[in-house]
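Reading through the structure tokens given below for one structure.
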Amino acid sequence: MQSLRTALIVGGGIAGPAAALALARIGVRSTIVESHPGPADGVGAILTLAANGLDVLRTLGAETPVTDAAQLITEVQMADAAGQVFARHPGGGYVLPRDLLARILSEHAASTGAEIRYGAAVTDISSSAHAVTARLADGSVREADLLIGADGIHSTIRTLIDPDAPAPVFEGVLGFGAATDPDGVHAEPGVMHFAFGQRFLGYWRLPDGRICWYAALASEALTSREIAAIPTAEWLARLRADYAGDAPAATLLARTSLDDLISTGPTLRMPPVPHWHRDRVVLVGDAVHAPSSTSGQGASLALESAIELARALRDLPDIADAFTAYEQIRRPRVEAIAAMAAAANNRKAGRAPEAGVPAFDPTEHRIDFDRTIE
Ligand SMILES: Cc1cc2nc3c(=O)[nH]c(=O)nc-3n(C[C@H](O)[C@H](O)[C@H](O)COP(=O)(O)OP(=O)(O)OC[C@H]3O[C@@H](n4cnc5c(N)ncnc54)[C@H](O)[C@@H]3O)c2cc1C
């Protein structure tokens, strides 16, 4: 597209820097504005990058620093409450802290010419025939040829595109986790263990020998701030009561100290978003398609959307056509994966899954960035 030179990207998480990297490949200069004051947000939660996400990183030239920093999981094992393994299958992907992935992608985007401004939150936008203008919380304004809302599941840009856009849906559980001494709990290196007792618990062995576990605690809807306001001792006691009798959850929880326990917040997903774009503004990543975190696909789908958006902007004659093509390519895939994850959550919770939900392996998807969109 001839007239496209500059992009303002709102959000410096995963989708934002990935979009900047993809746009650099088609000759568009990006400015990323990120509301956090610096590149590392300090939140210790860990995410999974599946083979489809890794393939995008390869396209963007960012695969090696990520795989060097991450831990490779090659097998998933499922066991019952007594610890008896009843299924194992190959795969899993790479696990790494979310803030580390964001930092690697941001540094790579900066090295390809993107400007990154931290402590800069967008509060309002307006489009004209030739440009889009964003207003920041400090009162300054920024102008670009297009604006990409990569501002996560609580997206401001989503509601600026459509004030009636749906909000994230609470999945009924809060996430908790810790890294703890194994104390006799066996975890094979490179294996992700799923323990299906009275409750679900996932865990794997860290390179330093400790075991990292994550749990889902049934709860009323609480925000991260509300969770933080409740003493950690209370959460640990609730987790120990909920998982009593489950192997190896009870042992791991007994070994977990108050200092080590972290909350990863409420488990949320985005329902289908009716409007993905308006005028010169478009959404990518969790802002428009966050599946439940149990899918393990949030980061990988964000990466996929970033490069599909750049392909569409490269190949279609104007912004409106490009946004339409991008949505047509992405919407069926991300909504099918979200539906599949919701059905799996229902099965885990003992509820009947909806009929007609597709079943496929989302990790097999590959995008040929060089192939032209007709
Ligand atoms: C603090 C945090 C911790 C997370 N932990 C996990 C985890 O443990 N496991 C997991 O699977 N997924 C986690 N996620 C979600 C995961 O990063 C996403 O599912 C996925 O990677 C898609 O990334 P994204 O870039 O679309 O959204 P995000 O990673 O959420 O990034 C959005 C970014 O936009 C910024 N932002 C928001 N509003 C504005 C605004 N108005 N102006 C400027 N900037 C704005 C946010 O500060 C954030 O950095 C976490 C997200 C966050 C923000």
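Ligands are counted one by one from 1 in listed order, and the atoms in each one are counted from 1 as well.
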Item to complete: Examine distances only and state if a side-chain atom of T180 and a backbone atom of R255 form a donor-acceptor pair shorter than 3.5 Å.
Response: yes
Worksheet entry | Backbone or side-chain N or O of E34 under 3.5 Å from ligand 1 N or O | yes
Worksheet, complete the sentence: Out of L101, D124, L47, the nearest non-hydrogen contact to atom 16 (C) of ligand 1 is supplied by L47
Item to complete: Determine, using heavy atoms of A120 and all atoms of ligand 1, whether some pair is separated by less than 4.0 Å.
Response: yes
Fill in: For A302, atoms of ligand 1 separated by under 4.0 Å from a heavy atom
22 (C)
Item to complete: Anything under 30° is parallel, anything over 60° is perpendicular, the rest tilted; go ahead and classify F200 against F194.
Response: perpendicular
Worksheet item: N/O of A15 under 3.5 Å from N/O of ligand 1, yes or no?
Response: yes
Response to the item:
Within 4.0 Å of some non-hydrogen atom of G11, the atoms of ligand 1 are 33 (C), 34 (O), 35 (C), 44 (N)
Worksheet item: So, does S292 use its side chain to make a donor-acceptor pair with the main chain of S295 at under 3.5 Å?
Response: no
Discussion item. Could you tell me, atom by atom, which parts of ligand 1 come under 4.0 Å of a heavy atom of A45?
Written reply: 5 (N), 7 (C), 8 (O)
Worksheet item: Is I14 close to ligand 1, meaning an N/O of one under 3.5 Å from an N/O of the other?
Response: yes
Discussion item. Does atom CZ (R29) have a neighbourhood of more than 12 heavy atoms from anything else shown, all under 6.0 Å?
Written reply: no
Worksheet item: Any luck finding a side-chain donor-acceptor pair between D259 and S257 under 3.5 Å?
Response: no
Discussion item. Quick check on V10 - does any of its heavy atoms sit under 4.0 Å from an atom of ligand 1?
Written reply: yes
Discussion item. Below 3.5 Å, N or O to N or O, backbone or side chain included: is there any such pair between V122 and ligand 1?
Written reply: yes
Worksheet item: Do any N/O atoms on S293 end up under 3.5 angstrom from N/O atoms on ligand 1?
Response: no
Discussion item. Against ligand 1, does A150 come closer than 4.0 Å with any heavy atom?
Written reply: yes
Worksheet item: For atom 17 (O) of ligand 1, which candidate among R98, H36, H289, H154 provides the closest heavy atom?
Response: R98
Worksheet, complete the sentence: Counting from 1 in the order shown, the ligand 1 atoms closer than 4.0 Å to a non-hydrogen atom of A299 are 20 (C), 21 (O)
Item to complete: Run the numbers for me: atoms of ligand 1, each under 4.0 Å from some heavy atom of G285, listed by number.
Response: 26 (O)
Item to complete: Could you tell me how the ring of W276 sits relative to the ring of Y326: parallel (under 30°), tilted (30 to 60°) or perpendicular (over 60°)?
Response: perpendicular
Worksheet item: Atoms of ligand 1 less than 4.0 Å from I46 heavy atoms?
Response: 7 (C), 8 (O), 9 (N)
Practice prompt. Can you sort out which atoms of ligand 1 are near V33, meaning under 4.0 Å from one of its heavy atoms?
Written response: 43 (C), 44 (N)
Item to complete: For the residue pair Q71 and W204, confirm or rule out a side-chain donor-acceptor distance under 3.5 Å.
Response: yes
Discussion item. Does R117, at its CZ atom, have more than 12 non-hydrogen atoms belonging to other residues, nucleotides or ligands within less than 6.0 Å?
Written reply: yes
Worksheet item: Would you say the side-chain atoms of E327 and H277 include a donor-acceptor pair closer than 3.5 Å?
Response: yes
Item to complete: Let me see the working for L261 and L258 under side-chain contact (heavy atoms from CB on, under 4.5 Å), right down to the final yes or no.
Response: CA-CA 6 Å; L261 185 69; L258 290 178; 5.9 Å; no
